[in-house]
Amino acid sequence: MTTIPSMIPSPQQTKNSIDMRPIYIPNYIPNPYYVRIFDTTLRDGEQSPGAAMTSQEKLDIARQLAKLGVDVIEAGFPCSSQDEFKAVKMIAEEVGNDVDDNGYVPVIVGIARCNQKDIETAWEAVKHAMRPKISTFIATSPIHMEHKLGKSKEEVLQIACKMVKFARNLGCHDIQFVPEDATRSERDFLYQILGEVIKAGVTTVAIPDTVGITMPWEYGRLIADIKANTPGIENVVLSSHCHNDLGLAVANTLEGVRAGARQLEVTINGIGERAGNASLEEIVMALKCKRYDQFDGLYTGINTQHILKTSKMVEKYTGMYLQPHKALVGANAFVHESGIHQVLFLPLILLVTLISSITFPPFRSFLMKLIASSSSLHSSGRAALRKRLEELGFQLKDDEINRVFFNFKALGDKKKRVTDEDLRTLVSNEVTHIEPIWKLGDLQEPIKLVEYSVTTIKNGIDGIVTTYVVICRENSNYESTSTLSQENVHPTFSGTAAGTDVVVSSVEAYIAALNKMLGSKE
Ligand code: MN
């Protein structure tokens with residue numbers, strides 16, 4: 001255990017050193033006003049239904065999380081699959097060793113159940129990082145111990161301590177313990193097991209509201225009680241981990257920090273299992289906006305200028321699209337209609353301006369017109385593109401840049417403005433592709449797609465989608481006279497299909513339209 005330095009900064013010193021990130025000591029934060037941000041987008045976030053990412057995408061996101069300045073990146077669950085192991089290892093080796101000018105490098109965490117195989121595998125995956133960490137969890141609530149584990153309290157306590165010591169013996173000196181379903185665990189047992197794993201050598205303990213049913217004041221009370229009743233709790237950092245089943249993950253996390261949690265487990269855009277986790281951007285901005293009047297000067301090391309680009313990247317890679325009114329990063333969050341009575345909304349606009357000035361760089365309005373309009377493949381255009389892509393969080397090899405640049409120019413010919421969103425699409429189409437096994441060769445019929453629309457009947461990945469496709473012959477000389485306009489038109493053929501899979505539904509609709517066309521006589 002590291003000894004606690006006697007000199008702690010006064011509030012005034014803290015106020016002056018507003019963005020200083022204290023040095024990383026696993027079990028202790030040298031500045032009492034500093035709150036660690038533990039990002040679990042790549043672990044809990046990726047457990048969102050339908051949000052699976054490729055290793056390359058995970059690495060890109062991890063790089064971006066480092067730019068954002070998160071203290072800890074939970075990179076995954078190495079024992080869950082070979083791919084996952086490789087992704088975590090790659091992140092540990094690359095992002096976990098990329099020290100910036102201020103000495104910052106994120107801690108890289110691998111999660112493990114409380115057993116030797118999980119812990120060994122997690123350690124193999126993270127150990128090459130400069131600051132490797134294992135987070136190990138076991139259920140402590142009566143319902144989970146009985147039905148999930150089939151173990152008694154005594155057995156769970158014994159396993160937890162044994163596995164923490166096992167991890168330490170492997171050479172891991174930064175270990176988090178997670179009593180799963182903590183908010184439904186018996187208090188006395190919780191204090192006891194936390195006290196014992198602290199003795200066994202953990203550096204942080206996380207208190208998960210695993211099923212997301214806790215009220216903010218209950219969660220705050222739980223954190224305060226743990227602080228007051230757990231032997232040795234002053235030797236570790238307390239962490240919050242809240243789920244959003246009742247829409248309270250952010251509120252619960254903020255109550256947690258008020259009660260003494262100094263590490264907050266969050267995800268970009270609040271993605272995560274079921275209804276998700278506490279959202280990084282909402283937590284960080286709440287702390288920033290109300291730092292002195294509600295949070296006694298607490299602050300994080302997050303570079304808020306990177307929030308929006310990180311959010312967009314996660315949205316794109318996970319396919320978890322944001323509702324337009326999502327706080328801070330939704331499409332409507334900073335849009336105000338020009339027609340409305342602005343006086344009425346002035347206070348709101350002032351707040352919006354305050355937040356947007358600290359959160360968003362001017363890149364939303366950044367136009368790539370300049371380089372898009374250059375007519376030849378100037379190296380300066382390519383360098384500008386490379387720079388912009390780097391600012392957006394993409395580090396590409398030369399041949400990748402060339403491919404993106406080629407398509408970028410083609411797009412520039414079609415569109416007046418190439419936006420950052422377009423650039424992201426170009427990159428994800430051209431670079432983060434998977435080695436092709438199947439390729440679309442060609443379609444035999446010369447067909448023009450006239451119309452295509454998808455209607456979702458129910459939201460979510462299990463929703464039913466109805467696809468509507470309209471086609472016509474591309475080089476047809478055949479024309480008929482429209483009964484409406486009396487103009488000569490090419491006949492069109494429509495097809496519809498419904499199903500839970502949008503791709504299958506689209507293909508079926510297309511084939512239906514095709515059959516109609518083939519069945520018609522020219
Ligand atoms: Mn979770």
Side-chain angles (χ1 to χ4, degrees), residues 36-53 58 61-62 65 70-81 84 87-88 107-114 118 122 133-141 143-145 148-149 160 175-185 190 194 202 204-216 218-219 222-223 226 237-257 261 263-283 314 318 320:
R36 273 184 203 160
I37 295 296
F38 176 118
D39 181 279
T40 183
T41 304
L42 296 173
R43 203 277 301 167
D44 216 328
E46 213 219 2
Q47 279 174 247
S48 311
M53 288 174 267
K58 287 182 194 172
I61 288 177
L65 289 171
V70 306
D71 302 273
V72 185
I73 295 174
E74 188 163 67
F77 187 176
C79 207
S80 65
S81 74
E84 180 84 349
V88 176
V107 174
I108 307 294
V109 179
I111 198 169
R113 285 164 295 197
C114 260
D118 269 37
K133 182 170 183 134
I134 291 173
S135 177
T136 187
F137 64 96
I138 190 163
T140 52
S141 65
I143 184 167
H144 275 200
M145 287 190 291
K148 206 170 118 177
L149 302 175
I175 303 164
Q176 170 157 299
F177 178 73
V178 185
E180 197 186 358
D181 206 13
T183 51
R184 293 193 300 176
S185 302
L190 205 51
L194 293 178
V202 300
T204 55
V205 293
I207 306 303
D209 184 21
T210 303
V211 290
I213 40 99
T214 304
M215 293 294 115
E218 284 181 285
Y219 191 76
L222 174 63
I223 295 291
I226 288 171
V237 175
L238 246 177
S239 184
S240 72
H241 183 105
C242 298
H243 275 276
N244 208 32
D245 296 73
L246 291 172
L248 294 169
V250 168
N252 286 352
T253 303
L254 293 175
E255 278 296 325
V257 78
Q263 174 181 282
L264 311 180
E265 305 193 2
V266 291
T267 61
I268 301 295
N269 300 340
I271 65 170
E273 270 192 286
R274 306 184 311 277
N277 289 58
S279 116
L280 179 146
E281 58 278 7
E282 291 171 32
I283 294 291
V314 169
T318 58
M320 303 281 292

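Only a predicted model underlies this, so the values are computations on that prediction, with no experimental measurement involved. As the structure lists them, so they are numbered: ligands from 1, and atoms in each ligand from 1.
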Do T214 and D209 meet the criterion of a side-chain donor-acceptor pair at a distance under 3.5 Å?
-> yes

List for me each residue that meets side-chain hydrogen bond (donor to acceptor under 3.5 Å, both in side chains) alongside S240, sequence neighbours excluded, and say none if there are none.
-> none

Between E180 and T210, is any side-chain donor less than 3.5 angstrom from a side-chain acceptor?
-> no

Number of protein N/O/S atoms that sit closer than 2.8 Å to the Mn ion (ligand 1) | 3

Taking side-chain hydrogen bond (donor to acceptor under 3.5 Å, both in side chains) as the test, write out the residues that go with T140, two or more places apart.
-> S185

Judged by modelled atom types alone, do E74 and Q176 share a side-chain donor-acceptor pair under 3.5 Å?
-> no

D245 meets the side-chain hydrogen bond (donor to acceptor under 3.5 Å, both in side chains) criterion, sequence neighbours left out, with R274

